[in-house]
Amino acid sequence: PYYRSQLKPEDKAVGAVFDPVTVADRAGEEVMRALIGKRFPSHGVIGEEFGEERSDAEHVWVLDPIDGTRAFISGMPTWGILIGLLHQGTPALGVIDQPYLRERFWGDGMSAHAMGFRGDRILQTRREKTLDEAMVWVSSTFTTDPARQAVAEALRPHVRMLRYGSDCLAMAMLAEGHIDIVLETGLEIYDIAATVPVVTGAGGVISGLDGSPAIHSSSLLATGAPRLHRHVLSMLTKAA
């Protein structure tokens with residue numbers, strides 16, 4: 001109900017890069033925490049707005065009530081709700097939900113699915129694309145660091161298209177086979193936990209930019225195919 005209304009965002013990083021938060025972010029996380037507490041009282045929660053609670057539990061929910069708050073306050077529909085579930089620290093379930101578009105994407109690392117105005121469907125990445133055919137989306141956070149942006153730009157001469165400005169829906173579009181490569185940086189665990197099972201469940205590969213496990217990274221490379229991932233990882237390492 002707050003979307004495309006005259007919200008007045010607060011800035012969580014006064015004096016630094018604008019980091020907005022709204023009443024919608026906080027209200028969304030409060031509702032999710034209440035539902036989890038009622039249904040799964042022994043589970044832990046990590047949320048962007050209200051921190052950690054029992055984060056050493058066997059099962060931990062990782063919540064980003066609005067991934068893409070800048071898009072949200074601008075009326076752009078690229079934002080989404082991220083809900084991840086860790087089992088013993090490993091991503092076991094992920095949901096990317098876009099309630100305004102009424103689309104939901106979810107995966108468990110072994111399969112991935114979607115529901116929405118196109119009906120229910122199984123997600124599958126594009127696994128046959130070569131680098132020169134690849135569609136690449138890069139998070140706008142790369143542009144705040146010239147060195148990081150230079151690494152991303154190293155791909156431009158070799159791919160079909162490279163665009164900036166993606167939020168969590170880019171990962172969903174990779175899982176559904178519309179995008180081949182996604183680069184993100186400046187991330188926290190609540191930006192990552194939900195996307196990993198969706199991407200891998202659809203047949204994609206996701207890791208840190210240095211090849212480390214995605215869940216422990218702050219910068220991500222996601223691709224639709226293992227061979228493409230190895231190729232791009234090697235190129236980014238040389239560029240860095």
Side-chain angles (χ1 to χ4, degrees), residues 1-87 89-107 139-141 144 165-172 184-198 214-220:
Y2 296 104
Y3 183 52
R4 292 185 177 172
S5 66
Q6 297 302 312
L7 281 177
K8 294 182 179 180
E10 299 175 29
D11 187 358
K12 292 192 289 186
V14 178
V17 177
F18 180 52
D19 187 11
V21 63
T22 71
V23 63
D25 297 82
R26 294 183 175 127
E29 186 170 321
E30 286 175 339
V31 169
M32 288 190 282
R33 282 177 177 268
L35 290 169
I36 292 167
K38 183 177 180 180
R39 183 71 182 272
F40 305 110
S42 66
H43 289 194
V45 178
I46 299 173
E48 179 175 13
E49 305 307 331
F50 297 106
E52 300 183 5
E53 182 179 354
R54 294 188 299 279
S55 59
D56 58 347
E58 180 180 1
H59 293 92
V60 178
W61 296 86
V62 186
L63 311 174
D64 191 347
I66 300 179
D67 179 85
T69 302
R70 295 175 183 83
F72 184 90
I73 63 176
S74 303
M76 301 295 288
T78 56
W79 58 277
I81 299 165
L82 296 180
I83 304 172
L85 178 63
L86 305 180
H87 178 242
T90 300
L93 177 69
V95 177
I96 304 171
D97 189 78
Q98 217 304 336
Y100 186 74
L101 299 179
R102 298 185 182 277
E103 287 201 290
R104 179 173 295 165
F105 308 83
W106 71 94
S139 69
S140 58
T141 47
T144 64
S166 65
D167 292 306
C168 63
L169 276 194
M171 290 294 188
E184 295 186 342
T185 193
L187 306 177
E188 301 288 347
I189 189 171
Y190 42 75
D191 301 304
I192 300 168
T195 61
V196 172
V198 177
I215 197 64
H216 301 305
S217 302
S218 61
S219 301
L220 296 183

Next on the checklist: Please determine whether side-chain contact (heavy atoms from CB on, under 4.5 Å) holds for the pair L63 and I46, giving the CA-CA distance in whole Å, both sets of side-chain angles, and the decisive distance to 0.1 Å.
Outcome noted: CA-CA 6 Å; L63 311 174; I46 299 173; over 6 Å; no

Next on the checklist: Using side-chain contact (heavy atoms from CB on, under 4.5 Å), reason through Q98 and R104 one step at a time and then give a plain yes or no.
Outcome noted: CA-CA 6 Å; Q98 217 304 336; R104 179 173 295 165; over 6 Å; no

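Closest non-hydrogen pair, L169 versus W79, comes out as CG-O, 4.2 Å. Taking each heavy atom of I192 and S217 in turn, the nearest pair found is CD1-O, 3.0 Å. Scanning all heavy atoms of the two residues, the minimum distance from G186 to D191 falls at O-OD2, 4.4 Å. Of all heavy-atom pairs spanning P91 and A193, the tightest one is CB-O, 3.9 Å. Contact record, G47 with Y190: C-CD2, 4.3 Å, taken as the closest heavy-atom pair. Contact detail for F105 and V198: the closest heavy-atom pair is O-CG2, 4.3 Å.
With contacts defined as side-chain heavy-atom distances shorter than 4.5 Å, the pair T195/I96 qualifies.
T185 places no side-chain N or O within donor-acceptor distance of the main-chain N or O of T141, the cut-off being under 3.5 Å. Under the 3.5 Å distance criterion, the side-chain polar atoms of D67 are left unmatched by any main-chain donor or acceptor of L82. Of the possible polar contacts, none joining the E103 side chain to the D97 backbone as a donor-acceptor pair under 3.5 Å is found. No donor-acceptor pair closer than 3.5 Å links the side chain of E49 to the backbone N or O of P65. Not a single donor-acceptor pair under 3.5 Å links the side chain of R26 to the backbone N or O of F50.
Taking CZ from R4 and OG from S74, the interatomic distance works out to 10.5 Å, rounded to the nearest 0.5 Å. Between E10 atom CD and D25 atom CG the span is 10.0 Å, to the nearest 0.5 Å. For the atom pair CG of D167 and CD1 of I66, the computed distance is 11.0 Å after rounding to the nearest 0.5 Å. To the nearest 0.5 Å, atoms CD (E48) and CD (E29) are separated by 7.5 Å. Note that CZ of R33 is 6.0 Å distant from CD of E53, once rounded to the nearest 0.5 Å. Rounding to the nearest 0.5 Å gives a distance of 9.5 Å between CG of L101 and OG1 of T78.
Between F72 and Y3, the two ring planes are tilted [angle within 30° to 60°].
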